[in-house]
Amino acid sequence: KRLVVLVSGSGTNLQALLDAVADAGTEGYGAEIVAVGADREGIEGLARAERAGLPTFVCKVKDYDTREEWDAALAGATAAYEPDLVVSAGFMKIVGKEFLARFGGRFVNTHPALLPSFPGAHGVRDALAYGARVTGCTVHFVDDGVDTGPIIAQGVVEVRDEDDESALHERIKEVERRLLVDVVGRLARNGYRIEGRKVVIQ
Ligand code: GRF
């Protein structure tokens with residue numbers, strides 16, 4: 001299976017996927033990353049892709065007159081690589097109708113909180129501020145809401161009294177990277193069905 005991964009930052013989730021494919025081989029893992037896309041230049045996630053010899057593309061919102069044109073451009077740039085599955089690994093933009101029309105049902109996101117708790121761009125900060133005693137991460141299919149699509153898998157992480165946002169986020173990411181690698185591999189190898197809010201991996 002062909003994967004396109006979308007990033008906006010350090011790309012450690014992308015790196016975990018790259019390492020999993022390198023370790024298991026494309027056949028063993030069931031998928032290979034064919035391109036990496038981003039919404040901004042100069043991020044470590046793109047450098048990781050380049051070090052891996054992968055093609056990259058960048059679609060910046062400010063380069064387009066409307067949000068819809070950006071969405072169509074992102075969809076077109078992604079479609080050029082003919083992915084079977086698109087993975088948002090720390091991609092910090094909400095895609096629109098065109099992208100979902102093309103990739104809905106095969107577009108996976110990872111979120112650093114236990115959805116439906118703490119959706120949005122500050123899930124780690126919000127869980128901490130709320131005083132949650134456990135939080136974690138969620139891998140889910142993207143639908144037309146924000147972090148509202150069918151949940152595939154979750155991982156739990158304890159919140160410690162001494163935690164600040166970055167310490168907690170780092171601990172979440174240790175679980176998140178393993179969860180994402182496991183889920184993407186199983187989706188690619190086994191195939192899956194989405195039945196309402198339930199995801200069944202064969
Ligand atoms: C991940 O925790 C992701 O869930 C969140 O941002 C982080 C991205 O980390 N949206 P990285 O870029 O994969 O290191």
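Counting starts at 1 for both ligands and their atoms, following the listed order.
Closest heavy-atom approach to atom 10 (N) of ligand 1 within the set Gly90, Ala121, Ser88: this belongs to Gly90. Here the shortest heavy-atom distance to atom 9 (O) of ligand 1, taken over Glu44, Glu176, Met92, Lys173, belongs to Lys173. Distances from atom 5 (C) of ligand 1 to the heavy atoms of Ala16, Ala113, Pro112 show the closest one on Pro112.
The shortest contact between atom 12 (O) of ligand 1 and any protein heavy atom is with Gly11 N, 2.7 Å. Ranking the protein heavy atoms by distance from atom 7 (C) of ligand 1 puts His169 NE2, 3.8 Å first.
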Does the pair Asp182 and Arg186 meet the rule for a salt bridge (charged side-chain N to carboxylate O under 4.0 Å, His left out), with working shown? CA-CA 6 Å; Asp182 174 61; Arg186 287 193 293 123; 3.2 Å; yes
Tell me, with the steps shown, if Phe107 and Phe91 meet ring pair (Phe, Tyr, Trp, His ring centres under 6.0 Å).
-> CA-CA 12 Å; Phe107 182 30; Phe91 186 65; 7.7 Å; no
Report task. Decide side chain to side chain donor-acceptor pair (under 3.5 Å) for Ser10 and Glu44; before the verdict, give the C-alpha distance in whole Å, the side-chain angles of both, and the deciding distance to 0.1 Å. Result -> CA-CA 5 Å; Ser10 55; Glu44 183 61 13; over 6 Å; no
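With rounding to the nearest 0.5 Å, the separation of CG in Leu18 from CG in Leu54 is 6.0 Å.
At least one heavy atom of Thr110 sits closer than 4.0 Å to an atom of ligand 1.
Side-chain contact between Val184 and Leu17 is present, with heavy atoms from C-beta onward closer than 4.5 Å. Two residues are said to be in side-chain contact when any heavy atoms from C-beta on lie closer than 4.5 Å; Phe118 and Val124 fail this criterion.
The shortest N or O to N or O distance between Gly9 and ligand 1 is not under 3.5 Å.
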